[in-house]
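Counting starts at 1 for both ligands and their atoms, in listed order. FYI, the numbering just counts along the sequence from 1.
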Amino acid sequence: MTARFEIRQTPLAGLQLLRRLRLGDERGFLTRLFCAEELLAAGWDGPVAQINETGTGLRGTVRGLHFQHPPHGEVKLVTCTAGAVLDVAVDLREGSATFLKHFAVELSADNACSLLIPQGFAHGFQTLTDDVRMIYAHSAPFNAEAEGGLSCRDPAIGIDWPLPIVNLSARDAAHPKIADDYRGLAA
Ligand SMILES: Cc1cn([C@H]2C[C@H](O)[C@@H](COP(=O)(O)OP(=O)(O)O[C@H]3O[C@H](C)C(=O)[C@H](O)[C@H]3O)O2)c(=O)[nH]c1=O
């Protein structure tokens, strides 16, 4: 455990669950959302190229499943700062022992957890409350031409979304299901 983060491994190699440790006083609290020195231990060994925020109003909304094609792969640190989501990462790494397996975990403003997602994973979430805010730290800049997506309803991935899916964007609804001969993303 480092000074400000508790780092836990998941069953998918490289995918880690971080819990931010709060410094509190009578005014409230302080947590670090990112710390290059401390997250080196979790495998984030490069710059933060971009930090994004998304807001999602309606409970049950799904965003994803998104990834960046090589050589524009990225490490992503996903944090919920308002409300709660079921956050999902899918292993797309070619040759991985957990290829096409997924890991799902609740991230919320209250549980102070973040998911550190290595290159080669698709990411998505379903909001469990209204008025969700998500913060993403990306290790590489967004590249629209390298964007890839998978269907959040693909039985080959088998995500058990807890709520009926609402508000899926046209783009996310159009993502393809995985072909039988899909080999994944090269390292
Ligand atoms: C990621 C990104 C997107 N965009 C543009 C592209 C689209 O025109 C618009 C919305 O993008 P998208 O539909 O990918 O946004 P989300 O569906 O909210 O994707 C987000 O949620 C899912 C679950 C994720 O994993 C993505 O990393 C995260 O960006 O913003 C940018 O201009 N810059 C960026 O860095």
Residues forming a side chain to side chain donor-acceptor pair (under 3.5 Å) with Asp130, sequence neighbours excluded:
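Scan of Asp130 (side chain to side chain donor-acceptor pair (under 3.5 Å), adjacent residues dropped) gives none.
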
List the residues meeting side chain to side chain donor-acceptor pair (under 3.5 Å) with Gln16, not counting sequence neighbours, and say none if there are none.
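For Gln16 the side chain to side chain donor-acceptor pair (under 3.5 Å) partners, ignoring immediate neighbours, are Gln9.
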
Close side-chain approach of Ser114 to Leu107, heavy-atom, < 4.5 Å
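No, too far: nothing below the 4.5 Å cut-off.
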
Non-hydrogen side-chain atoms of Asn167 and Thr56 separated by less than 4.5 Å:
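No, every pair of side-chain atoms sits at 4.5 Å or beyond.
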
Quick check on ligand 1: any N or O pairs to the protein under 3.5 Å? One line per pair.
residue, atom, partner, partner atom, Å
ligand 1, 13 (O), Arg171, NH2, 2.8
ligand 1, 14 (O), Arg171, NH2, 2.8
ligand 1, 18 (O), Arg63, NH1, 2.4
ligand 1, 19 (O), His66, ND1, 3.3
ligand 1, 21 (O), Tyr136, OH, 3.0
ligand 1, 25 (O), Lys76, NZ, 2.9
ligand 1, 25 (O), His123, ND1, 2.7
ligand 1, 27 (O), Lys76, NZ, 3.0
ligand 1, 35 (O), Gln50, NE2, 2.6
ligand 1, 35 (O), Asn52, ND2, 2.9

Residues that Arg22 engages under salt bridge (Lys or Arg N to Asp or Glu O under 4.0 Å), provided they are two or more places apart:
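Per chain and number, Arg22 pairs via salt bridge (Lys or Arg N to Asp or Glu O under 4.0 Å) with no residue.
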
Heavy-atom count check: over 12 atoms from other residues, nucleotides or ligands less than 6.0 Å from Glu53 CD?
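Counting other residues, nucleotides and ligands, CD of Glu53 exceeds 12 neighbours.
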
